[in-house]
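Everything on this sheet refers to the single structure shown next.
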Number of protein chains: 2
Amino acid sequence: MPARRQANANSESVDNYLKAILVLGGSTEQRVTSTALANRLGVAPASITNMLQKLAVAPEPMVEYERHRGVRLSPAGRRRALEIVRHHRLIETFLYEILDYPIEEVHDEAERLEHFISERFEERIAAKLGHPKTDPHGQSIPTMEGQMPVREAICLSEALAGGAYVIDSVGERDAETRRRLEATGLRVGIKLQVLPRTSAETCSVSIRRAGQPEDAIDLTAELAGGIRIVPFGI
Amino acid sequence: MPARRQANANSESVDNYLKAILVLGGSTEQRVTSTALANRLGVAPASITNMLQKLAVAPEPMVEYERHRGVRLSPAGRRRALEIVRHHRLIETFLYEILDYPIEEVHDEAERLEHFISERFEERIAAKLGHPKTDPHGQSIPTMEGQMPVREAICLSEALAGGAYVIDSVGERDAETRRRLEATGLRVGIKLQVLPRTSAETCSVSIRRAGQPEDAIDLTAELAGGIRIVPFGI
DNA sequence: CCTATATATTAGGTATACCTAAATCTCTGA
DNA sequence: TCAGAGATTTAGGTATACCTAATATATAGG
């Protein structure tokens with residue numbers, strides 16, 4: 001049974017891939033690597049390749065994909081991804097404002113419901129909320145037309161202690177720094193939580209990787225410098 | 001590859017099977033036939049058999065099933081089915097009362113969302129609505145504990161013109177009536193819509209089968225007599 | 001410049017939930 | 001009572017979305 005690469009409808013899975021590509025690609029729309037996606041989505045890299053191939057050759061292609069060179073959203077893919085993000089953030093706002101959810105519970109609920117609400121539902125909660133511009137976490141809600149105010153990726157040194165983030169990009173740097181970074185296991189797509197500051201140094205920061213609470217990692221200004229992050233929990 | 005019959009988690013599909021068995025079994029909890037389920041769920045009879053076998057041998061069996069003799073919900077299956085019906089009807093009420101949906105749109109939205117809302121969501125909308133007892137169509141909302149006020153199946157002659165129903169049971173009758181009934185294609189599980197009355201005769205009724213709008217069927221009191229129906233759109 | 005290593009892809013499976021076509025039951029009516 | 005019609009089940013496929021293991025590619029460093 002050779003390579004499967006058929007067209008495929010909009011499914012929950014597809015939605016999640018598109019959303020991940022949107023977030024990891026950031027406002028710059030850089031190409032996103034399979035590994036970054038695999039990390040973020042929690043699936044095997046092989047599954048990523050498979051899905052990207054399908055998305056790229058669908059009747060209405062959702063991504064631009066080249067072997068070994070990562071992916072980028074197509075206009076259609078971007079439109080869909082932004083729609084899902086809009087759903088997510090509107091639902092979070094709705095749960096928080098109208099149903100009095102505790103803030104820490106809005107994400108998981110929205111994460112499920114975002115795939116299944118209709119246009120009408122979207123429109124009705126937006127109206128009920130007075131067409132809000134940001135969600136309860138302070139993140140911009142894309143417009144109905146698929147515009148999202150830039151912002152998003154920030155420097156690791158700007159992260160709030162306690163916040164959960166995903167590494168968005170790791171800037172160019174010398175070989176030695178690169179090696180030290182690599183030793184920490186920090187790569188694009190890795191999820192991390194920022195710990196309270198332990199040093200007064202401007203850009204130094206303590207983090208721990210999601211799922212490995214025992215391993216705190218201290219980053220010098222040099223290491224933290226070019227790491228840009230996005231809040232986890234789009 | 002011989003018979004597949006593994007355990008399976010709660011999925012949207014499973015939910016829909018359980019709900020269908022609940023509705024077609026009615027308050028009497030009669031055994032439900034494969035054909036009735038196939039009709040209601042719009043899948044091939046073979047698919048029904050497959051699913052029922054899996055549900056019957058799951059670690060926590062959802063149905064009691066015997067080859068060629070139909071199914072019935074197990075206590076666990078009934079509990080789950082009632083939970084989904086509660087979700088559905090609470091969501092419908094919520095859409096109607098809080099989000100000002102037009103009544104004819106509440107069903108489809110609820111039909112999707114009922115599978116994905118959390119306990120918290122359920123609890124919050126119930127509270128917001130003042131723990132309603134019935135949905136906007138007048139149907140009872142099962143309690144959190146899984147109690148549903150009886151009622152449900154009614155005689156075809158009591159049906160409201162314009163209403164959509166599913167045949168719940170076809171009472172005992174003589175061979176001739178049975179044959180005439182059969183000729184109309186009316187069987188348990190068939191979906192139908194009631195047309196405005198054409199005759200003053202107490203129990204006579206005009207219906208058409210869902211999906212066959214051209215074929216109106218006039219039923220005499222004799223034919224309509226023992227047909228019990230449940231509203232479509234649980 | 002050329003290879004080791006990390007990254008990505010191919011190959012081949014699994015599970016769910018469907019399907020069609022071919023048996024096989026059940027039970028009605030003559 | 002028993003044949004045949006209709007209902008049901010078995011057998012064998014398909015598509016989606018995963019997986020692991022094996023292979024191929026790219027690039028960084030010597």
Side-chain angles (χ1 to χ4, degrees), chain A residues 1-18 20 31-39 41-56 58 65-71 115 170 172-179 181-183 185-190, chain B residues 1-18 20 31-39 41-56 58 65-71 115 172-179 181-183 185 187-190:
Chain A
M1 247 155 271
R4 304 123 270 208
R5 35 178 83 191
Q6 293 87 29
N8 64 325
N10 278 10
S11 71
E12 196 180 340
S13 264
V14 170
D15 285 351
N16 287 331
Y17 277 81
L18 298 178
R31 300 188 94 92
V32 176
T33 66
S34 297
T35 308
L37 285 168
N39 271 300
L41 295 171
V43 301
S47 305
I48 301 289
T49 301
N50 234 267
M51 180 64 99
L52 296 183
Q53 290 176 341
K54 288 198 300 187
L55 292 176
Y65 166 75
E66 281 176 81
R67 288 178 77 217
H68 294 282
R69 345 195 83 258
V71 259
H115 309 289
V170 179
E172 306 294 325
R173 51 229 308 180
D174 63 283
E176 167 61 4
T177 311
R178 222 186 293 129
R179 192 178 307 111
L181 242 187
E182 211 156 75
L186 298 176
R187 294 190 309 279
V188 170
I190 290 291
Chain B
M1 246 157 272
R4 304 123 270 208
R5 36 177 84 188
Q6 294 86 28
N8 64 324
N10 278 10
S11 72
E12 197 180 340
S13 265
V14 170
D15 285 351
N16 287 330
Y17 278 80
L18 297 178
R31 300 188 95 92
V32 175
T33 66
S34 297
T35 307
L37 284 169
N39 270 300
L41 294 172
V43 303
S47 305
I48 301 290
T49 301
N50 235 266
M51 181 63 100
L52 295 183
Q53 289 176 341
K54 287 198 300 187
L55 293 177
Y65 166 75
E66 281 176 81
R67 290 178 73 216
H68 294 282
R69 346 195 82 258
V71 257
H115 309 289
E172 305 295 325
R173 50 229 308 178
D174 63 284
E176 167 61 4
T177 311
R178 223 186 292 130
R179 191 178 311 110
L181 242 188
E182 210 156 76
R187 294 191 309 279
V188 170
I190 291 290

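Naming convention: chains lettered A, B, ... in sequence-line order (proteins, then strands); numbering from 1 in each chain.
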What's the closest nucleotide to the side chain of [X] if the choices are [options]?
{"X": "B/Val43", "options": "C/dT10, D/dT10, C/dC18", "result": "C/dC18"}
{"X": "B/Ala46", "options": "C/dT20, C/dT9, D/dT20", "result": "C/dT20"}
{"X": "A/Val14", "options": "D/dA17, C/dT10, C/dC25", "result": "D/dA17"}
{"X": "A/Lys54", "options": "C/dC25, D/dT16, C/dT9", "result": "D/dT16"}
{"X": "A/Ser34", "options": "C/dC18, C/dT9, C/dA21", "result": "C/dT9"}
{"X": "A/Tyr17", "options": "D/dC18, D/dC19, D/dT9", "result": "D/dC18"}

Spacing between [X] atom [atom1] and [N] atom [atom2], to the nearest angstrom:
{"X": "B/Asn16", "N": "C/dA17", "atom1": "CG", "atom2": "P", "value": "11 Å"}
{"X": "B/Leu52", "N": "C/dA17", "atom1": "CG", "atom2": "P", "value": "13 Å"}
{"X": "B/Glu66", "N": "D/dT9", "atom1": "CD", "atom2": "P", "value": "11 Å"}
{"X": "B/Tyr65", "N": "D/dA7", "atom1": "OH", "atom2": "P", "value": "16 Å"}

Base, sugar-phosphate alone, or nothing: which one does [X] contact when heavy atoms must sit under 4.0 Å apart?
{"X": "A/Gly42", "value": "sugar-phosphate"}
{"X": "B/Thr49", "value": "base"}
{"X": "A/Ser47", "value": "base"}

- Message: Taking side chain to side chain contact (heavy atoms under 4.5 Å, CB included) as the definition, give me every residue that meets it alongside A/Ala38, ordered by chain and number, with sequence neighbours left out.
- Response: A/Pro45, A/Ile48
- Task: Can you sort out the partners of B/Arg31 under salt bridge (charged side-chain N to carboxylate O under 4.0 Å, His left out), two or more places apart, ordered by chain and number?
- Result: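 Expected list: B/Glu66.
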If you compare every side-chain N and O of [X] against the phosphate oxygens of [N] (OP1, OP2), does one of them come in below 4.0 Å?
{"X": "B/Arg67", "N": "C/dT24", "value": "no"}
{"X": "B/Ser13", "N": "C/dC18", "value": "yes"}
{"X": "A/Ser11", "N": "D/dA17", "value": "yes"}

